[in-house]
A.B. asks: 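Dropping a structure here in structure tokens format, bear with me for questions.
The figures here come from the full heavy-atom set of this structure, side chains too, leaving out hydrogens, waters and symmetry mates. Atoms within each ligand, like the ligands themselves, are counted from 1 in listed order.
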Amino acid sequence: MKQRINRKLGLISLIAIVATALGVTFFCYGLFQSRVKTDLRLFASLLKEAEIFRAEELNDSISDHELKALDPDELRITWVDRDGTVLFDNETDASALPNHRNRPEIAEAFAKGSGEITRRSDTFNLNTYYYAVLLEDGTVLRVSTQARNITSVFLSALPVIAIIALIILLCCILISHMLTTQLLRPIEEMVENIDGSNPRAAYKELEPFADKIRLQRENILASVKSRQDFTANVSHELKTPITSISGYAELIENRMVEGDSAIHIAKQIRHNANRLLSLVNDIIKLSELDHTELKRVFEPVDLYKVAGESIKDLEGTAISRNIILSLSGRPCTISGDPSQIREMVDNLLQNAIRYNKEGGKVEVTADTHKGHPHLVVKDNGIGIPKEHQDRIFERFYRVDKSRSRETGGTGLGLAIVKHIAEIHSGTIELKSAPGEGTEITISF
Ligand code: ADP
């Protein structure tokens with residue numbers, strides 16, 4: 001990054017230097033050119049006013065010889081007769097020169113009173129500026145001078161420009177290096193301290209970045225902790241039935257089981273094996289739900305129909321506990337995974353039966369309210385004390401451990417319900433009072 005900033009700043013300063021050098025050269029050259037032209041005009045008008053050139057012969061006040069002594073490189077003077085014949089030239093013998101009538105600046109002077117032109121000579125990097133003026137007697141006087149052209153001016157200034165550019169460039173590189181070091185130091189410090197509990201943003205603009213990192217770390221830590229807790233809980237939950245099964249197997253192995261107790265022990269082994277099975281099943285379901293990257297194919301699912309099927313399947317268990325199940329509402333369809341929705345309704349219904357009392361009631365309602373389908377499972381069972389209500393959706397959280405275990409609970413039922421509701425963008429509402437009952441509503 002440092003290198004990139006330095007390179008960019010270097011490039012920008014180089015462009016700025018070149019642009020400035022070019023701009024200044026063009027501007028100064030423009031001034032220089034107009035100065036040359038003004039001087040020529042001035043010379044011409046002075047010579048005209050002095051009336052040195054008159055009626056085909058030079059004025060007495062200045063001799064041909066004196067004019068010839070003028071350096072033609074500095075100022076060339078050409079006097080042209082009305083027909084274009086050159087009468088005088090301080091550079092070349094006038095008689096050797098061709099007719100000048102058609103020279104653009106002279107033709108213009110004959111026509112308009114004055115004319116000017118600049119001729120470029122690529123070979124010598126020089127420009128020749130001509131200015132011609134019509135005299136009182138109808139002859140034309142032309143003055144001209146040579147001056148360097150822009151390429152030549154620029155080329156001669158190039159070494160100076162290059163040295164200045166180099167100095168400025170070095171200064172820019174130095175300043176940009178200092179600036180980037182200064183600018184990046186707080187960011188580098190922030191990166192070094194990123195593992196700290198509260199990474200502080202080096203600049204106000206980086207605060208959202210620091211917040212995001214903070215949030216991500218909190219999430220990672222929370223997820224690691226919940227995974228560790230989950231693994232510990234799973235191991236603990238699996239250990240109990242396995243220990244029981246192993247103990248009973250040992251009794252049989254040592255021939256310590258006889259008669260009716262053999263049946264009792266077989267029952268215990270089956271009970272513990274079933275518990276293990278339920279646990280493993282619930283863990284598998286949860287891990288499937290945890291795979292958020294799995295593509296979910298949703299289809300229309302009628303909540304009322306699913307609730308009816310679930311009630312039918314659990315009716316036997318309910319009757320054995322003398323609990324009455326009822327269903328009300330009307331068909332209402334959501335978009336979802338049918339097996340997951342069934343799992344969710346089963347879990348809610350099982351809990352309503354499991355944590356109910358002799359002769360209790362469970363009412364299931366599937367309906368649509370203000371365009372939102374919802375499912376309500378209401379019982380008049382033992383209820384949940386206020387202080388536990390926030391936590392019962394956590395994995396392995398149980399209000400009464402022994403009651404849950406005795407009735408075949410794994411402590412994962414509501415965690416699965418919560419997960420499924422989230423996948424289906426459903427919200428859960430819990431109303432419960434100890435001794436009065438519990439009502440759980442899932443709205444989609
Ligand atoms: P479990 O397998 O133990 O039923 P859940 O996750 O389904 O696990 O429920 C967590 C705990 O919430 C239960 O152990 C129980 O204490 C409480 N609970 C759940 N549903 C009800 C209900 N309808 N009435 C009273 N308590 C409930």
A.B. asks: Going through the checks in order, is the side chain to side chain contact (heavy atoms under 4.5 Å, CB included) test met by V376 and E439?
C.D. replies: CA-CA 7 Å; V376 187; E439 181 183 314; 3.6 Å; yes
A.B. asks: Which bit of V399 gets closer than 4.0 Å to ligand 1, counting heavy atoms only: side chain, backbone, both or neither?
C.D. replies: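 Near ligand 1, V399 shows its backbone as well as its side chain.
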A.B. asks: Which residues pass the ring pair (Phe, Tyr, Trp, His ring centres under 6.0 Å) test with Y248, not counting sequence neighbours?
C.D. replies: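 Checked Y248 against ring pair (Phe, Tyr, Trp, His ring centres under 6.0 Å); zero matches.
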A.B. asks: Looking just at side-chain N and O atoms, do D337 and S339 make a donor-acceptor pair shorter than 3.5 Å?
C.D. replies: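 Looking only at side-chain atoms, S339 and D337 do form a donor-acceptor pair, the distance falling under 3.5 Å.
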A.B. asks: To the nearest 0.1 Å, how far is atom 7 (O) of ligand 1 from its closest protein heavy atom, and which atom is that?
C.D. replies: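 Here the nearest protein heavy atom works out to N351 ND2, 2.8 Å.
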A.B. asks: Are E116 and R41 ion-paired here, with the side-chain N under 4.0 Å from a carboxylate O?
C.D. replies: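 Yes, this pair counts.
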A.B. asks: Output the list of atoms in ligand 1 that are nearer than 4.0 Å to some heavy atom of D379, sorted by atom number.
C.D. replies: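 Heavy-atom distances to D379 below 4.0 Å select 23 (N).
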A.B. asks: Mind checking what makes ring pair (Phe, Tyr, Trp, His ring centres under 6.0 Å) contact with F32, not counting sequence neighbours?
C.D. replies: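 Expected list: Y29.
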A.B. asks: Between E406 and R398, is there a salt bridge with N-O shorter than 4.0 Å?
C.D. replies: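 A salt bridge is absent here (no side-chain N lies under 4.0 Å from a carboxylate O).
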A.B. asks: Please give me the minimum heavy-atom distance between Y130 and S144, naming the atom from each residue.
C.D. replies: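 Closest approach of Y130 to S144, heavy atoms only: CD2-CB, 3.3 Å.
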A.B. asks: Does the ring center of F230 lie less than 6.0 Å from the ring center of F396?
C.D. replies: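 Yes, close enough.
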A.B. asks: Below a 4.0 angstrom heavy-atom separation, can you tell me which part of R354, side chain or backbone, both or neither, approaches ligand 1?
C.D. replies: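 Under 4.0 Å from ligand 1, R354 contributes side-chain atoms alone.
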A.B. asks: I need the nearest protein heavy-atom contact for atom 12 (O) of ligand 1: residue, atom name and distance, please.
C.D. replies: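 Scanning the protein heavy atoms, the shortest distance from atom 12 (O) of ligand 1 goes to I392 CG2, 3.3 Å.
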A.B. asks: Of all the atoms in ligand 1, which lie at a distance below 4.0 Å from a heavy atom belonging to G409?
C.D. replies: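 Those atoms are 2 (O).
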A.B. asks: Could you check atom 13 (C) of ligand 1 against the protein and tell me its nearest heavy-atom contact, residue, atom and distance included?
C.D. replies: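 Checking every protein heavy atom, the shortest distance to atom 13 (C) of ligand 1 gives Y355 OH, 3.4 Å.
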A.B. asks: As a check for students: among G383, G411, G408, identify the option with a heavy atom nearest to atom 2 (O) of ligand 1.
C.D. replies: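 Going through G383, G411, G408 one by one, G411 has the nearest heavy atom to atom 2 (O) of ligand 1.
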A.B. asks: At less than 4.0 angstrom from any non-hydrogen atom of T410, what atoms of ligand 1 do you find?
C.D. replies: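 Counting atoms of ligand 1 from 1, those under 4.0 Å from T410 are 2 (O).
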A.B. asks: Around atom 26 (N) of ligand 1, find the nearest protein heavy atom and jot down its residue, atom name and distance.
C.D. replies: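 Answer, as residue, atom name and distance: I384 CG1, 3.2 Å.
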A.B. asks: If we set the cut-off at 4.0 Å for heavy atoms, which region of Y397 has an atom near ligand 1: side chain, backbone, both, or neither?
C.D. replies: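 The part of Y397 near ligand 1 is the backbone, not the side chain.
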A.B. asks: For atom 3 (O) of ligand 1, grab the closest protein heavy atom and report residue, atom and distance to one decimal in Å.
C.D. replies: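 Going atom by atom, the protein heavy atom closest to atom 3 (O) of ligand 1 ends up being S404 OG, 2.6 Å.
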A.B. asks: If you measure from the Lys or Arg side-chain nitrogens to the Asp or Glu carboxylate oxygens, is any gap between K285 and E343 under 4.0 Å?
C.D. replies: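 Yes, this pair counts.
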A.B. asks: Tell me: protein heavy atom nearest atom 24 (N) of ligand 1, and distance?
C.D. replies: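 Closest protein heavy atom to atom 24 (N) of ligand 1: T438 OG1, 3.3 Å.
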A.B. asks: Could an N or O of ligand 1 be found under 3.5 Å from any N or O of L414, whether backbone or side chain?
C.D. replies: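 Yes - when backbone and side-chain N and O of L414 are compared with those of ligand 1, one distance drops under 3.5 Å.
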